Each structure stands twice: as C-alpha cells, then as structure tokens.
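Note that the structure is a prediction, hence the values are computed from the model and not measured. In what follows, chains carry the letters A, B, and so on, assigned in the order in which the sequence lines appear, proteins first and then strands, with residues in each chain numbered from 1.
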Amino acid sequence: MSKKNPEVIIVGAGPAGSATAIRLAQNNVNVVLIDRGMPIGSKNISGGVLWGNDLAEIIPDWQEEAPFERIITNKKVGFLSEEDATIMDLHFHGWNNKPYAGVSVLRAGFDEWLSEKAAEAGATVLDGITIDSLIIENGNVVGVKQGDEELRANVVILAEGVNARLMLENKLFRDPSKKQYLRKEIMGGYKEVYHLEQSLLEERFRLDGNEGMAGEFIIGNIPGDVLAGGFFYTNKNTLSIGTIVHLDSLNTGDKAYEAIEYFKSHPYIRKMIKGAELIEYGSKLIPEMGIKGFPNFYGDGWMVVGDAAGFVFSNGLLVQGMNYAIKSGILAADTYIEAKRSSNYSSSQLKQYEKKLKNSYILKDFKNFSKVKLVTKNKRLFKTYPDALNGGMKAFFTETGAEKQHLIKVILKSFKKSGVGLFSLIKDGLRFRHL
Amino acid sequence: MGKKIKIDIKNKIGVTSWKTDAHERAHITIKEDICAKCPHQLCIAGCPTECFKFYDDKMTFQYEDCVECGACDIMCDQGSIEWSNPRGTYGVTYSRG
C-alpha cells in the first residue's frame, strides 16, 4: 500500500464504494478505493437491475458508456401456484427513452467499469486486497490494516457489502450487544445465469433491439415452510434467474438452494430457459433489516454506504439496491467534502450524513414502508394466496358450460375454499396498503 | 404441493470459478464440538453450495466451494463459525455476477 496517507479510504468497490470514490475524486479529494476482488467486480453479484438515474449525478452521460445489458421496458409481477400463473404484465414503451427507468446489469463487468471511472476521476484504485481490520484509536477510526501494513486517512468509508465483516467485527450497530445479523433481518439470494443465443432470447421475450424484460414472482409451489420469491432479468445474450429466500423460514432439513429448482420447474418459467445453457451460479445475502435494524451510519472517522448500511428496498413488487448504494455513496462523499472545511471528522460533524440520508429518498422510503414486512413475510402470501388467486382466475376464465358467475364471486369463493378465514382475509387485504 | 425436487448442487457449481487458497488458509472454520450438539444445524439449510455436511455426528465444512455469501454465519446462532474474507484475489471469482 502507498506510503502517503490519503484523505479517505473506501473499503469495497461495488456501486456504493465506487460512487463515493468518483464523487470525492471529482472534488479533488485524495481517495483510495480498495477491493478484495481481482479483477474488481469478480466478487460482486446481484439480481440485477439498476433502477433510477442516480449515476447521472456523477457520470452525466453514463447511459452512453456503461456496460449495461438491456433497457427494461417490460416488467412482469405475479403469483405462481403449482402449475398456474396470474401475472400483471407492465409494458411501458416510454421506459426506452433516457433517462431509462432501469437497466439490467451483470455486476462483474459493470462494477469493474465503475471502478475504472473512479480511477479516471483521480481515485487510487487497489484490487486484490482484503482489509483485515480497522485501526481504531481512542474510539476514532483512523485507518485500515492488511497483514502488517497500515494505511491511515481522515475518514474510512465502509462499502463492503451486505456481508460486512468490518462492521460485524467492530460491532458498529445501534445495539452494541449485537454480534451478528438475525435471520429475520437478512434474505438469501440465489442466482443462475443462462446463455441463450441473442436472436432466440429476443424472440422468446419479445424484445426489440436492446429492450429488456424483468420479472418478479411469489413462488407458490415450494413444499414446506420455505418462503421465497423468484426473479428473472434478460441480459444481452444471457438470462439471470434466481430466488430470494427468507432465511427465517428455513427449517432443519430444508435447503435454501432448492427454491430455484421449484421456480424453474414451474411451466411458466421452464419455457424461458428451455435449451439454455447454465454458465454461472452464485449467491449473495440481501439486507432486510428495516428502519429499526439499521446499523449506525456514521461514527468518529467513519461512514457506511450501500448494502453494508442495509440499503436494499423490497416490497415484493419493487426490489432495489444499487440505486440506494450509489445515492448513499454520493451523500457520504458530500458529507466528507463539508467536513473537510472544518477539518472535523468526528461524529459531531459526520452526523450530517444521516441528515442527508433522511432528506433523500433513501431513509424516506424505508420510513414510509416501515411496515412492509407485514406483507412480505406473510406466510399466506406464499402458501395460500397463489393457489387461491390462480384457482379463482382459472375458474372464471374456464368455460365449462355451466352458468357464469361474477368475477368477484368466483375469486372470493376460491379464497374461501383455500381455508383462510374471512377475518384473516380482511386483515391481509388491509395490510396490502403497506406495499 | 408437488413432488419434492432433489438436485446435485455440486454438479451445478461446476460452472462457477474459484481461485482456491491453501487448506491452512481456509477463510471459514467451524468448531466441531459445538456443531455436534447443535439443535438445528441450520447452516446446512442456508448454504448455497452445500459446504456443510453432517455425517456420523460430525459436521464438516468444505471451504473450497464457498461463494462467500455469509449465510452460514447468520444461520448459526451457536457461535461455531469463524468467518473471515479470503485473502485478496482468492475465493470465488464471478465472470458475470
């Protein structure tokens, strides 16, 4: 590591870390961005769609040069039961115009590019280095250590992702007795990437040019108590397909990685990957700690951004993380730039970061959706409603020669048949307002 | 619910790449005595690549197939798992991600 001390050290070069580095370097801050992957990006994985346009704050014309895969113009959201599916198909042609609503990305290439943008902006980017620990003196974070080597800075920014070892090791939580995240605060993501000939993929998913499709589903065909959602995203000539499993729904004997097999076995999904070749499998955790479970966002000499701060938003219909990562990185960088004016890097100054988070969409979203787990962790959403909904829809749309009934009556009959009491049904119906 | 699906996860992970460090550098270690008495062994349930196996009252951990997600450390509430990142450049290497 370099002998000359930088002003800021960033641990982790995902979207959060690289965005922080770019913003800082653009403001002439001497910053070192360190990642354990070589090349950078090789440790990084997500669903993944980058929603929103936060990147434009640091790379105004990012759409022109970023190695994204496809522009999402079609999103499907639905319920899969044993072999049936009821799906809402959203086709927004205008999403094809800049700024795009969302683009599919494969993180190895995308994150490598973003780290190169940090280097271009003037950041020192170091790959292949695992930071072992933080240097803490009198309660202040003053640098990082790798083996016997030390690197010191005014501020250390933790952008190490959801599996935040430095955060865990130094117990940087609101509750100092907390040693690890709880099962109810974290979900497991399991993903496969399939290769499909580009022409076949475009035909199969009805994509014009570089249009892309995103799908998110409640999976209702998994036996036992396992609660999981499924997703697919079209890339240029690959398909990302995976599951998100609630870790607190797993019992002894379950295997979280099996959820994706049930998802792929569903007739609706099975046809998507027919003839496709599996080329990569991977996994990452997804924070779901909510507003009460968040770690501290700052302290004396440090701030935390992205997944490591818990910034993934999910309500079953929307799943977003990279936009929050980029935005939080920009806000942490701006906090440093302000702190530099008074050379005060203690928590009394860095608390401005939390203020910025509160004033941005980041903490507003988590506050406004603080009760969303009442829906997303509701067993009936996975185990009862997919069957009830599909059963009702099928009954309504199937011509049997019998007298027709009104849609609402058929659906209600199907929900009643599923064994859910009227009271639970009303309660769950009301809970849907939290989405 | 339909038929239970069983798959060979070890076959699936053949498509993913690793740079494997020496055995004494394993980034995760477990305390076998704790695992032997564990009431749930939920590490097995959470692991995406079946690194944990329990045979003959003994838990084994295979660090070579680990994708460094951290699920086991969350599933384990018995204090058995010592988790650290692999040395720089080692471990899983995604080419898509």
Participant: Looking at chain B, which one of A:Asp35, A:Asp127, A:Asp248, A:Leu106 has the largest number of heavy-atom pairs inside 4.5 Å, strictly under?
Facilitator: A:Leu106
Participant: Measure from the side-chain N and O atoms of A:Thr234 to the backbone N and O of A:Leu239, and report whether any donor-acceptor pair falls under 3.5 Å.
Facilitator: no
Participant: With respect to chain A, which residue among B:His40, B:Lys6, B:Met75 yields the maximal number of heavy-atom pairs within a distance under 4.5 Å?
Facilitator: B:Met75
Participant: Is B:Arg96 in contact with chain A via its backbone, its side chain, both, or neither, using a 4.5 Å heavy-atom distance?
Facilitator: both
Participant: Would B:His27 and B:Tyr90 satisfy ring-ring contact (aromatic ring centres under 6.0 Å, His included), going step by step from the backbone distance to the final call?
Facilitator: CA-CA 10 Å; B:His27 62 291; B:Tyr90 285 93; over 10 Å; no
Participant: Should the heavy atoms of other residues, nucleotides or ligands under 6.0 Å from NZ of A:Lys178 be counted, would the total exceed 12?
Facilitator: yes
Participant: At a 4.5 Å cut-off on heavy atoms, which part of A:Arg165 comes close to chain B: side chain, backbone, both, or neither?
Facilitator: side chain
Participant: What part of B:Cys47 gets closer than 4.5 Å to chain A, counting heavy atoms only: side chain, backbone, both or neither?
Facilitator: backbone
Participant: Measuring heavy-atom distances to chain B, does A:Ser265 have an atom under 4.5 Å in its side chain, in its backbone, in both, or in neither?
Facilitator: side chain
Participant: Please flag which part of A:Lys179 lies under 4.5 Å from any non-hydrogen atom of chain B: side chain, backbone, both or neither.
Facilitator: neither
Participant: Between A:Tyr190 and chain B, with a heavy-atom cut-off of 4.5 Å, which part of the residue counts as in contact: side chain, backbone, both or neither?
Facilitator: side chain
Participant: Check whether A:Asn235 reaches the backbone of A:Asn237 with its side chain - one donor and one acceptor, N or O, closer than 3.5 Å.
Facilitator: no
Participant: With respect to chain B, which residue among A:Lys43, A:Met38, A:Glu160, A:Glu192 yields the maximal number of heavy-atom pairs within a distance under 4.5 Å?
Facilitator: A:Lys43
Participant: Looking at A:Asn251, is its backbone amide N or carbonyl O close enough to the side chain of A:Asp254 to form a donor-acceptor pair, meaning the two atoms are under 3.5 Å apart?
Facilitator: yes
Participant: Would you indicate whether the side-chain heavy atoms of B:Lys10 and B:Asp65 approach each other to under 4.5 Å?
Facilitator: yes
Participant: Under 3.5 Å, is there a donor-acceptor pair between the side chain of A:Ser283 and the main chain of A:Gly189?
Facilitator: yes
Participant: When you measure from the side chain of A:Ser115 to the backbone N and O of A:Glu112, does any donor-acceptor pair fall under 3.5 Å?
Facilitator: yes
Participant: Count the heavy-atom pairs under 4.5 Å between each of B:Gly88, B:Gly91, B:Pro39 and chain A, then report the option with the highest count.
Facilitator: B:Gly88
Participant: Checking A:Glu258 against chain B: side chain, backbone, both or neither under 4.5 Å from a heavy atom?
Facilitator: side chain
Participant: Given side chains that start at C-beta, do those of A:Gln180 and B:Trp83 come closer than 4.5 Å, heavy atoms only?
Facilitator: no
Participant: Determine the option with the most heavy-atom pairs under 4.5 angstrom with chain A, choosing from B:Gly70, B:Pro48, B:Pro86, B:Cys76.
Facilitator: B:Pro48
Participant: Can you check whether A:Val49 reaches A:Val103 side chain to side chain, under 4.5 Å on heavy atoms?
Facilitator: no
Participant: Flag the one option from A:Glu83, A:Arg107, A:Glu169 with the top tally of heavy-atom pairs under 4.5 Å to chain B.
Facilitator: A:Arg107
Participant: Answer with side chain, backbone, both or neither: which region of A:Ile186 has an atom nearer than 4.5 Å to a non-hydrogen atom of chain B?
Facilitator: side chain
Participant: Counting heavy-atom pairs under 4.5 Å with chain A, which one of B:Lys19, B:Arg87, B:Glu50, B:Gln41 comes out on top?
Facilitator: B:Glu50
Participant: Heavy-atom cut-off 4.5 Å, strictly under: side chain, backbone, both or neither for A:Leu182 against chain B?
Facilitator: backbone
Participant: Please determine, by modelled atom types, if A:Tyr385 and A:Lys379 share a side-chain donor-acceptor pair under 3.5 angstrom.
Facilitator: no
Participant: I'd like to verify something: which residue of A:Tyr181, A:Tyr281, A:Phe110 has the highest number of heavy-atom pairs under 4.5 Å with chain B?
Facilitator: A:Tyr281
Participant: Under 4.5 Å, counting heavy-atom pairs only, tell me which of A:Asp132, A:Val105, A:Val193, A:Asn44 racks up the most with chain B.
Facilitator: A:Asn44
Participant: With chain A as the partner, which of B:Ile5, B:Ile44, B:Val67, B:Thr16 has the greatest number of non-hydrogen pairs under 4.5 Å?
Facilitator: B:Ile5
Participant: If you count heavy-atom pairs within less than 4.5 Å of chain A, which of B:Asp73, B:Ile13, B:Asp77 leads?
Facilitator: B:Asp73
Participant: So do the side chains of A:Val226 and A:Leu250 get within less than 4.5 Å of each other, counting heavy atoms only?
Facilitator: yes
Participant: Judged by modelled atom types alone, do A:Ser81 and A:Asn221 share a side-chain donor-acceptor pair under 3.5 Å?
Facilitator: no
Participant: Measure distances from A:Lys284 to the heavy atoms of chain B and classify the residue's part below 4.5 Å as side chain, backbone, both or neither.
Facilitator: backbone
Participant: For A:Glu280, is it the side chain, the backbone, both or neither that has a heavy atom under 4.5 Å from a heavy atom of chain B?
Facilitator: both
